[in-house]
Amino acid sequence: MEQLSQLLLAFIVFLSLYLLGSSSLTGCIKIVALQGMCLGVLPLTIHAEGFHPRALLLAAGMFVLKGIVIPRILKYAIREVKIRRELEPIVGYAPSLLLGAALVGVSFVLAERLPVPAGLRTSLLIPISLATVMMGMLMMISRIKAVTQVIGYLVFENGIYLFGLAISYEVPWLIEMGVLLDVFVAVFVMGIVIDHIARAFDSISTEKMTRLND
Amino acid sequence: MSIYLILLGAPLAAGLAALVIGSDKYRPWVLPFGCVVHAAAVAACWRSLPPASSSGWFYIDSIDLLVLGLSSALFLICSVYCLEYLRLRKDRPNRLFTACFSFILAAVTLVCVSRHMGLLWVGMEAATLAAAPLVHFDHNERSLEATWKYLMMGSLGIGLALLGTFFLALSALLQGGTGDPLVIDTLLSGARTLSVPWLKGAFIFLLVGYGTKMGLAPLHSWKPDTYGESPGVAGVILAGVLTSTAFLGILRAFQICAAAGLADFARDLLVLIGLLSIATAAAFIIGQRDFKRMLAYSSVEHMGIAALGVGLGPAGTFAALLHLINNGLTKGVLFLTAGNIHRAFGGKTMDHAHGALRRVPISATLFLLGFVAITGSPPFAPFVSEFSILRAAVNGNRFGVALGFVAFLAVIFIGMATTVLSVVYGLPPGKESDHSAEADSPLMVAAPLALMAAVVFFGLWLPGWLTAVLGDAAKLLNGGAS
């Protein structure tokens with residue numbers, strides 16, 4: 001179990017880095033969905049008493065929300081907006097990859113200096129959560145497209161969730177559900193806004209001009 | 001029936017009723033109903049603090065009472081204003097606006113009555129999301145961009161605050177604490193045993209996270225866009241209520257730090273971020289042609305003043321809490337009258353709006369008085385609190401801080417005066433006879449007038465019931481017991 005959780009955590013960091021270097025919107029959505037699914041499975045492998053109702057519920061909720069529902073909303077949004085596939089980031093892909101790698105290093109150094117709870121099965125959890133938070137923030141500020149900003153926010157939230165996992169057994173699960181619900185509502189509202197952006201800009205897009213041709 | 005149930009239930013029920021009612025004409029009437037019940041319950045709390053709920057998750061202390069009282073009063077007055085405002089805005093469906101208006105009050109109440117840092121966070125997040133439809137009420141490209149920025153920055157802030165909350169829980173758990181680590185009383189009683197590095201981290205993240213919601217520099221960039229594009233009445237809710245509620249989150253973090261013996265660390269950060277906010281506001285308020293954006297920078301300034309006050313020790317804390325209330329009331333006057341002037345001229349820049357005194361005389365007079373009050377002139381209430389903060393700085397031998405504070409306030413006064421005087425005086429564009437429809441209407445003037453009366457009242461006389469609560473709150477925050 002321990003090795004599985006370490007493998008999953010490493011994979012989550014890898015996915016964040018991949019997101020930083022990826023230019024395809026649909027690709028980004030697929031990756032963030034995969035990351036959400038990994039996050040869903042993770043609680044079952046981390047704590048000593050893995051399979052009890054609360055952990056299962058949390059895992060299922062996370063898996064469905066972050067792995068399936070939210071990516072669906074995002075896919076719907078980009079289909080409605082009909083945005084071009086390529087992105088024009090403020091920070092280029094290669095520099096953001098390098099920055100991302102540096103952030104991973106920084107978070108390991110930082111986590112090394114902070115006291116870590118003893119009950120935790122894997123010491124990777126806290127540095128990787130900090131790295132994911134920082135990479136998500138990097139994506140939010142360095143990208144222009146609304147959809148990529150939302151994806152950056154999801155990565156940021158994933159990192160916070162990872163940190164929450166370190167303490168999930170002691171905090172009442174109402175808070176965990178609150179976290180899930182809020183992520184959902186945030187993206188839901190953002191989806192509506194994206195939809196509005198689509199409508200507002202449809203009227204001024206050049207697509208309408210081609211309709212008069214035939 | 002528990003008082004907490006009434007406080008949370010009344011606005012929630014009003015919001016749900018607004019969703020169900022089908023008529024745009026009658027729907028706004030649910031707002032005053034919900035707000036009156038809420039205000040009555042808050043008044044009852046003010047007479048005698050209710051006992052904690054059996055779970056220990058709900059409790060009101062003096063700090064909560066101040067924010068709750070301010071929020072309830074502002075909501076009550078805005079709900080009356082909304083009746084007339086929504087009648088004039090028949091062009092837009094008001095279902096979402098009305099429902100979310102009530103939901104914000106419910107969420108803000110949750111923040112105030114909860115005795116749990118996690119629940120407090122849930123309330124803040126709910127309030128942030130519920131405010132988005134208010135910002136987007138006009139449904140045009142400008143308001144869409146404003147809503148987008150508001151949601152992105154709001155979500156980022158709320159995410160950072162959640163991380164800070166987790167840090168706080170971890171700092172308690174490391175020392176082998178049992179039970180729920182985020183209950184505020186548990187945190188306060190065991191504050192000395194909290195893990196110091198994680199607690200410091202928690203304070204920084206909570207300060208930046210809730211500070212984003214409050215509009216403290218450097219994460220204030222969403223504020224001018226959001227306040228500029230929202231209706232005036234939404235501006236009151238954002239600048240008067242949501243900022244104060246976010247400040248409550250920072251105050252809680254400060255209270256825990258003070259109890260843990262980290263008061264100096266927290267105070268230094270608050271003074272730093274407070275002065276930075278005041279300086280940022282001073283830099284951007286000069287030459288601001290858009291009077292709603294000007295009010296947004298003024299809000300950045302006053303949030304900075306509140307943070308600065310708490311950073312200056314017990315005397316400053318008392319003044320900062322008073323300032324929170326004075327700022328909320330005065331911002332109410334300014335945003336409501338700015339909304340009236342905006343509507344009368346169909347624009348919110350100096351190019352569109354000038355000579356407001358001739359077209360909407362009462363609104364323009366109140367706007368002018370609100371400006372004089374907010375910049376800290378006697379005999380209005382903000383003067384009392386700003387002067388007390390200055391005195392706290394001088395008495396604490398922080399002469400550099402005091403000097404910077406006064407200098408920035410002077411710059412802001414000059415900057416705001418240029419814009420406000422140009423809007424209020426002069427000749428209005430076009431012929432007056434064409435604009436008789438946009439004249440002041442009774443309800444829309446009565447609301448800011450009532451707030452202005454409160455600003456004058458608190459400026460001339462601080463009633464004993466208020467100073468008692470303020471004193472108790474300042475004592476609680478600086479490590480004392482009630």
Side-chain angles (χ1 to χ4, degrees), chain A residues 110 113-120 126 129-130 133 136-137 140-141 146 149-150 152-179 181-190 192-201 203-204, chain B residues 55 57 96 116-119 121-126 128-130 132-133 135-136 139-145 147-156 158-183 195-198 200-201 205:
Chain A
L110 213 66
R113 289 157 168 259
L114 288 165
V116 175
L120 223 59
I126 286 178
S129 91
L130 293 178
V133 164
M137 281 171 77
M140 273 176 89
I141 53 172
Q149 285 181 351
V150 175
Y153 184 70
L154 285 175
V155 174
F156 170 70
E157 278 273 7
N158 285 348
I160 295 177
Y161 176 79
L162 280 176
F163 198 92
L165 273 186
I167 49 171
S168 71
Y169 274 73
E170 285 76 13
V171 183
W173 65 287
L174 173 96
I175 306 300
E176 294 159 24
M177 291 316 287
V179 174
L181 189 75
D182 284 316
V183 172
F184 175 67
V185 178
V187 173
F188 183 63
V189 175
M190 281 174 182
I192 294 171
V193 173
I194 291 174
D195 194 37
H196 280 304
I197 292 177
R199 274 179 213 169
F201 288 90
S203 56
I204 54 159
Chain B
S55 62
W57 280 31
L96 207 53
H116 187 280
M117 289 302 280
L119 207 55
W121 178 85
V122 170
M124 263 329 290
E125 164 93 47
T128 306
L129 288 172
V135 178
H136 193 35
H139 269 256
N140 53 35
E141 273 173 42
R142 292 174 63 91
S143 74
L144 185 68
E145 192 186 331
T147 314
W148 178 255
K149 283 184 180 162
Y150 168 77
L151 275 178
M152 279 319 273
M153 290 301 286
S155 308
L156 181 66
I158 218 78
L160 292 172
L162 182 62
L163 201 56
T165 310
F166 283 165
F167 280 18
L168 198 58
L170 190 53
S171 79
L173 290 170
L174 276 173
Q175 308 308 316
T178 50
D180 192 337
L182 286 174
V183 174
S195 156
V196 172
W198 285 109
K200 281 186 173 173
F205 275 94

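Here the structure is a predicted model, which is why all the values come from computation and not from measurement. Every chain is numbered from 1, with letters handed out A, B, ... down the list of sequences.
Atom-to-atom distance recorded for A:Phe156:CZ and B:Leu162:CG is 8.5 Å, nearest 0.5 angstrom. Put simply, CG on B:Leu151 and CD on A:Gln149 are 11.5 Å apart, with the number rounded to the nearest 0.5 Å.
Contact detail for B:Met152 and A:Val150: the closest heavy-atom pair is CE-N, 4.3 Å.
For A:Leu162, no part lies under 4.5 angstrom from a heavy atom of chain B.
For the set B:Leu160, B:Ile158, B:Thr165, the entry with the most heavy-atom pairs within less than 4.5 Å of chain A is B:Leu160.
Using cut-offs of 30° and 60° for the angle between ring planes, the B:Phe167 and A:Phe163 rings count as tilted.
Every side-chain hydrogen bond (donor to acceptor under 3.5 Å, both in side chains) that B:Ser143 has, sequence neighbours left out, goes to B:His136, B:Asn140. Take A:Leu114 and apply the side-chain contact (heavy atoms from CB on, under 4.5 Å) test, not counting sequence neighbours, and it matches B:Pro197, B:Trp198.
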